[in-house]
Amino acid sequence: MSKANLIDPFGRQVEYLRLSVTDRCDLRCAYCIPEGFKGFEEPADWLSFDEIERVIRLFAQMGLKRVRLTGGEPLLRRNITDLTRRLAALPGIEDLSLSTNATQLARHAPALKASGITRLNVSLDSLDPQQMIRIAGRDALANILAGLETARQTGFAPIKINMVVMQENVDAIDGMVDYCMERGFVLRLIELMPMGETARRLGYVDLQPIKARLQQNFSLIDTVMQGGGPARYLGTPDGHFNVGFITPMSQHFCATCNRVRLTVDGVLHLCLGQEDHIELRPLLRAGASDDDLVQALLDSIARKPERHEFREQPAKTIRFMNATGG
Ligand code: SAM
């Protein structure tokens, strides 16, 4: 099977899959899963570990190299390290990473590392307990910080901290810079995307002026981070600290998009901000052969949209982030 198969109509080589292993979460970040949200997938529709492994194995035979587990909160999926161990062992998968809210990371970090997870991204929008309750709907900060500390002691490096910037927490940025600098964490500031009505209502904060201010106040220089994805980075001249800016709104990065997303119920989304998708679960459960599945994957890559239209058509994306997999 040739790698060229995973090249989309715009010449982009798809080599990265975001794998949502659950759409459930123990937090209720207003911009992601609004309080009272009821539209979760039924367990009977969740892809089994066998089904997930089969899809990733076929993808990897066509050139997929990197998989990130996400959700919802991936650590809520029972026996998650059984899955990560199986995925880490697949030929062609060079990088297996995980995004987590870290509320349960203290318990899971050593087993995750032993199972083949190489890199961790942790979401954290504030270091102020009251502000965190307002943003995440739960009093979880102490558990998150404990999880981060255990992950650091377990030897995960670098650990990236993802902070979605809104009016609510724009004042928390400098404190996050200090916190991450002290611990050697990479900080990534993210512009809020209009996924679902609540995120749209909250609105995004343009990171460009914030980037200029941090550069000056913390004497940072332009840097490049290996495997840094779409983020643009500033860092200290000694390389000890880096801060990335993920700017889907003020400066989108679709021209280099190399990823697709698989939901817990087996829907392959080809763009975060567009509806183009294929449903793999019916194929998997109707006894499709490997050749049938490979053809379906190839057909889907051939339909990958050029770009999202978050700015031109902000009301277009009705899926919440927990459903698609962040
Ligand atoms: N539960 C895990 C976590 O907290 O990292 C993984 C899933 S979460 C959906 C992944 C990331 O998506 C988080 O950093 C979250 O802040 C971000 N996110 C969710 N909704 C978003 C939105 N509308 N715009 C930008 N980022 C969003």
Side-chain angles (χ1 to χ4, degrees), residues 1-21 47 49 51-71 74 83-99 115-121 158 160 162 186 188 190 193 224-233 244 246-248 252-264 266-274 276-278 280 283-284 290-291 293-308 321 324-326:
M1 196 98 42
S2 151
K3 270 186 189 183
N5 288 334
L6 290 184
I7 293 182
D8 81 356
F10 305 96
R12 299 170 297 193
Q13 171 90 49
V14 173
E15 53 177 37
Y16 184 17
L17 181 103
R18 292 269 176 103
L19 172 66
S20 174
V21 292
L47 293 193
F49 288 177
E51 289 168 330
I52 293 172
E53 184 185 5
R54 184 174 178 213
V55 173
I56 307 286
R57 177 170 51 78
L58 294 174
F59 250 137
Q61 286 169 5
M62 293 189 281
L64 188 84
K65 292 188 185 137
R66 300 165 59 196
V67 176
R68 171 175 295 279
L69 277 77
T70 181
L83 177 65
T84 48
R85 198 171 304 109
R86 288 166 71 167
L87 298 183
L90 287 175
I93 297 302
E94 297 169 3
D95 182 43
L96 188 65
S97 57
L98 180 119
S99 289
S115 76
I117 293 288
T118 47
R119 295 184 302 114
L120 275 185
N121 283 5
K160 292 183 182 160
N162 286 337
V186 175
R188 294 171 354 137
I190 303 174
M193 292 176 277
V224 177
M225 274 204 74
Q226 201 69 32
R232 292 165 176 87
Y233 282 92
I246 302 181
T247 56
H252 74 77
F253 32 81
C254 303
T256 55
C257 179
N258 62 353
R259 63 194 59 182
V260 290
R261 291 175 156 85
L262 183 60
T263 65
V264 65
V267 180
L268 187 73
H269 285 281
L270 303 162
C271 171
L272 198 51
Q274 302 282 5
D276 306 69
H277 66 270
I278 59 159
L280 294 176
L283 292 172
L284 288 162
D290 282 359
D291 284 347
L293 283 170
V294 162
Q295 195 54 53
L297 297 179
L298 292 176
D299 292 348
S300 69
I301 299 299
R303 286 171 33 211
K304 185 168 163 60
E306 185 175 14
R307 50 167 299 204
H308 66 69
M321 194 67 139
T324 316

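Ser20 and Gly71 get closest at one heavy-atom pair: OG-CA, 3.5 Å. Closest heavy-atom contact between Phe10 and Pro305: CE1-C, 3.9 Å. A pairwise comparison of heavy atoms in Glu306 and Cys254 identifies O-CB, 3.6 Å as the closest pair. Heavy-atom minimum distance, Ala296 versus Leu283: CB-CD1, 3.7 Å. Closest approach of Ile93 to Ala60, counting heavy atoms only: CD1-CB, 3.9 Å. Shortest non-hydrogen contact noted between Asn258 and Gln13 is CB-O, 3.4 Å.
Between the side chain of Lys304 and the backbone N or O of Leu270, at least one donor-acceptor pair lies under 3.5 Å. Looking only at distances, a side-chain donor or acceptor of Arg303 sits under 3.5 Å from a matching main-chain atom of His277.
If you take CE on Met225 and CZ on Arg188, they are separated by 8.5 Å, rounding to the nearest 0.5 Å. Considering CG of Leu58 and CG of Leu64, their distance stands at 11.0 Å, rounded to 0.5 Å. Atoms CG and SG, on Asp8 and Cys257 in that order, are 8.0 Å from each other to the nearest 0.5 Å. Interatomic distance, Leu87 CG to Phe49 CZ, rounded to the nearest 0.5 Å: 9.0 Å. For the atom pair NE2 of His269 and CZ of Arg261, the computed distance is 10.0 Å after rounding to the nearest 0.5 Å.
Leu298 is listed as a side-chain neighbour of Met62, based on a closest heavy-atom distance under 4.5 Å. Using a 4.5 Å heavy-atom threshold, the side chains of Thr256 and Arg12 count as separate. Residues Ile301 and Asn5 form no side-chain contact, since every pair of their non-hydrogen atoms from C-beta on lies 4.5 Å or further apart. Side chains of Thr70 and Asn121 form no contact here, defined as non-hydrogen atoms less than 4.5 Å apart. Taking 4.5 Å as the limit, some side-chain heavy atom of Phe59 sits within range of a side-chain heavy atom of Val260. Within the 4.5 Å cutoff, side-chain heavy atoms of Arg259 are placed close to those of Pro230. Under the 4.5 Å side-chain criterion, counting only non-hydrogen atoms from C-beta, Leu293 is in contact with Arg54. In this structure, the side chains of Val294 and Gln61 stay at 4.5 Å or more apart for every pair of heavy atoms.
In this view, Ser115 and Thr81, Thr84, Arg85, Ile117 satisfy the side-chain contact (heavy atoms from CB on, under 4.5 Å) rule, not counting sequence neighbours. Taking the salt bridge (Lys or Arg N to Asp or Glu O under 4.0 Å) definition, one finds that Arg119 meets it with Asp95, sequence neighbours left out. With sequence neighbours excluded, the residues that form a ring pair (Phe, Tyr, Trp, His ring centres under 6.0 Å) with His308 are His252, Phe310. For Arg307, the salt bridge (Lys or Arg N to Asp or Glu O under 4.0 Å) partners are Glu312, not counting sequence neighbours. Remark: Ile190 pairs with Asn162, Val164, Ile246 by the side-chain contact (heavy atoms from CB on, under 4.5 Å) rule, at least two apart or across chains. Annotation: salt bridge (Lys or Arg N to Asp or Glu O under 4.0 Å) contacts of Glu53 (sequence neighbours excluded): Arg86.
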Given side-chain contact (heavy atoms from CB on, under 4.5 Å), test Leu69 with Leu96 step by step and report yes or no.
CA-CA 8 Å; Leu69 277 77; Leu96 188 65; 3.7 Å; yes

One pair to check against side-chain contact (heavy atoms from CB on, under 4.5 Å): Leu280 and Leu47. What are the steps and the verdict?
CA-CA 9 Å; Leu280 294 176; Leu47 293 193; 5.8 Å; no

Is there a side chain to side chain donor-acceptor pair (under 3.5 Å) between Asp299 and Gln295? Walk through the geometry before answering.
CA-CA 6 Å; Asp299 292 348; Gln295 195 54 53; 3.0 Å; yes

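Looking at Arg68 and Ser99, their side chains do bring a donor and an acceptor atom within 3.5 Å of each other.
With Tyr16 as the aromatic partner, Arg66 meets the cation-pi criteria of under 6.0 angstrom to the ring centre and within 45 degrees of the ring axis.
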